[in-house]
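Since the structure comes first, as C-alpha cells, the remarks are kept for the end.
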Amino acid sequence: MSHDVPSVFEITRSLGADDAARIKRLLENGVKLPAQPRVLEELRQLINRSELDVRLLARVINKDPGLTAMLFKVVGNSAYRQHQPFDSVETILHAVGVHQTFNLVQAIALSGAGEIKKNRRVYEAFWARSHAVGQLAMLIADERVAVCNIFPDQAYLAGIFHDCGVPLLMQRFPTYCAEMKLGAPGIWIDLAEEDRKFNADHCVVGYLVARHWHLPEFICDAIRYHHAIGELGQHEARSMVAIVQLAVDIYYRDQRIASPEWERVKHEVLPELGLNDDALPEFVDIVLERFGGVVEA
C-alpha cells in the first residue's frame, strides 16, 4: 500500500479527453473531492511499516467511535459468519485481515465524509441505499468467490463507492436532486439525461474520488464502468461490476421495485457470475435470507 495518493492531474491523465475536460470543468466550477479522514492516513502509515502492530491499528480505529460502531455492524454480515462473534477491533483485524479491515474502514469513512448543506433526507437515503448495496455485494462475493475471486471486503468497498459521484453532483448543482428525481422510489439516474442537463457523469466523478482515496485500480475501474459492463471485455473489473449490478437488482427486489436497468445488463452479468435465468431466483432467495439476518443483527 503506497503512501502516495495520486494528484487530480495524474488521475485525469488516465481518462479520455472528453472525460478529463468534464472533470476539469466540474472542479473549476466548485465540485470538491471529499478529503480522507485522518484515521485513514494514520492506518495507512502503520500498515506500510515493515512490522505490523495490530494493537496500534486497533487503537487508531477505536479513536473514532462512530467508525468503530459501523465496523462492528459491517462485520456482522454473514459473509464473516465463520469468525463471529467479534468482541474487539483487534479480533476483527486478526480474523478478517489487516488489509481487508482497512478496505471496510475506507468504505465506512466515505459515507461520513463531506458536508451536508441541503437535501439531507435524500442524502441520508442515498447512503442507506449504498450501505445496503454494499452488504448485498459482500454476500454475492462470498457465495461466488470460487467463480469470481472477489472477496467480501472488496465487494463492500465497490458497493459503497460505486455511486459516490452522486452526492458530489448534488452539492454542486442546486437542481440536480430534483432533475434526477433522486427522492422518488425506484428511479435512478439516467446517464444520458445527466449528461444533457449537467454535462456531467457521476461514474467518472466516482472514479476520480476512488483514485483520490487510493482504492485498488480494478475497483476504481469498476466504479467508472458500473453502468457499462459491455465496454469492459475481459477486464479484471468485469466480475466486480457484475457483483455490483446484481447487488443493486437484489436491493430493488427487496424493496419490491423493478430495477431500471436489470433487463439491459443481465445477459452480461449472469454468465460472469456463473449463473443463469433458471438459477437466479434460488440464488436471490439465499442472498436475501442471509441479508435479512444482517438487517436484524
Side-chain angles (χ1 to χ4, degrees), residues 1-7 32-116 123-124 127-128 130-135 137-139 141-142 150-162 164 167 209-220 223 293-297:
M1 196 176 291
S2 166
H3 284 288
D4 301 321
V5 176
S7 69
K32 291 182 172 59
L33 299 183
Q36 292 192 59
R38 183 171 178 79
V39 63
L40 293 184
E41 188 51 42
E42 289 183 39
L43 290 173
R44 190 176 280 113
Q45 289 173 1
L46 290 172
I47 291 169
N48 278 317
R49 288 183 178 180
S50 55
E51 290 186 17
L52 283 173
D53 188 330
V54 170
R55 289 169 303 174
L56 277 179
L57 291 167
R59 200 174 302 158
V60 169
I61 293 170
N62 280 320
K63 285 195 293 188
D64 187 327
L67 189 152
T68 302
M70 191 64 194
L71 178 60
F72 274 99
K73 185 173 181 181
V74 172
V75 297
N77 189 301
S78 64
Y80 294 115
R81 58 190 164 189
Q82 71 271 32
H83 303 302
Q84 294 161 354
F86 296 102
D87 59 10
S88 68
V89 171
E90 202 169 319
T91 308
I92 295 170
L93 285 159
H94 279 298
V96 175
V98 167
H99 291 277
Q100 292 82 357
T101 303
F102 181 78
N103 281 344
L104 300 178
V105 169
Q106 275 192 301
I108 294 163
L110 178 70
S111 59
E115 190 179 349
I116 310 170
Y123 190 89
E124 289 173 351
W127 285 117
S130 294
H131 279 294
V133 170
Q135 293 271 10
M138 290 176 85
L139 294 169
D142 187 51
I150 301 285
F151 298 93
D153 61 288
Q154 297 170 326
Y156 186 71
L157 196 56
I160 292 291
F161 271 81
H162 80 286
C164 70
V209 174
R211 288 291 308 275
H212 187 62
W213 279 49
H214 215 349
L215 267 56
E217 195 166 329
F218 82 104
I219 294 180
C220 296
I223 293 162
V294 173
V295 172
E296 290 163 13

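This one's a predicted model, so the numbers in the text were calculated from it and none came from an experiment. Atoms considered below: every heavy atom in the structure, side chains included; atoms not considered: hydrogens, waters and symmetry mates.
Using a 4.0 Å cut-off between a side-chain N of Lys or Arg and a carboxylate O of Asp or Glu, E41 and R44 qualify as a salt bridge.
In this structure R59 satisfies the side-chain hydrogen bond (donor to acceptor under 3.5 Å, both in side chains) test with no other residue, sequence neighbours excluded. Partners of S130 according to the side-chain hydrogen bond (donor to acceptor under 3.5 Å, both in side chains) rule, which considers only residues two or more places apart in sequence or in another chain, do not exist here. Residues passing the side chain to side chain contact (heavy atoms under 4.5 Å, CB included) test with D53 are R55, L56, sequence neighbours excluded. Qualifying salt bridge (Lys or Arg N to Asp or Glu O under 4.0 Å) partners for R81, counting only residues two or more places apart in sequence or in other chains: none. Take P167 and apply the side chain to side chain contact (heavy atoms under 4.5 Å, CB included) test, not counting sequence neighbours, and it matches Y123, F126, W127. Judged as a side chain to side chain contact (heavy atoms under 4.5 Å, CB included), and not counting sequence neighbours, the contacts of A95 are H83, F86. For the side-chain hydrogen bond (donor to acceptor under 3.5 Å, both in side chains) test, residues two or more places apart in sequence or in another chain that qualify with S88 are T91. Considering only residues two or more places apart in sequence or on other chains, P37 meets the side chain to side chain contact (heavy atoms under 4.5 Å, CB included) condition with V39, L40, A109, W213.
Among residue pairs with one or both ends in residues 61-70, those qualifying as side-chain hydrogen bond (donor to acceptor under 3.5 Å, both in side chains) are E42-K63; sequence neighbours excluded.
A distance-only check finds no donor-acceptor pair linking the side chain of D142 to the backbone of M138 [under 3.5 Å].
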Compile the donor-acceptor pairs under 3.5 Å between side chains in residues 150-158 and protein atoms, sequence neighbours left out, one pair per line.
unit_1	atom_1	unit_2	atom_2	d
D153	OD2	N103	ND2	2.7
Q154	OE1	F151	N	3.0
Y156	OH	H131	ND1	2.8

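Taking a 6.0 Å sphere around CD of Q84, one finds it holds more than 12 heavy atoms contributed by other residues, nucleotides or ligands.
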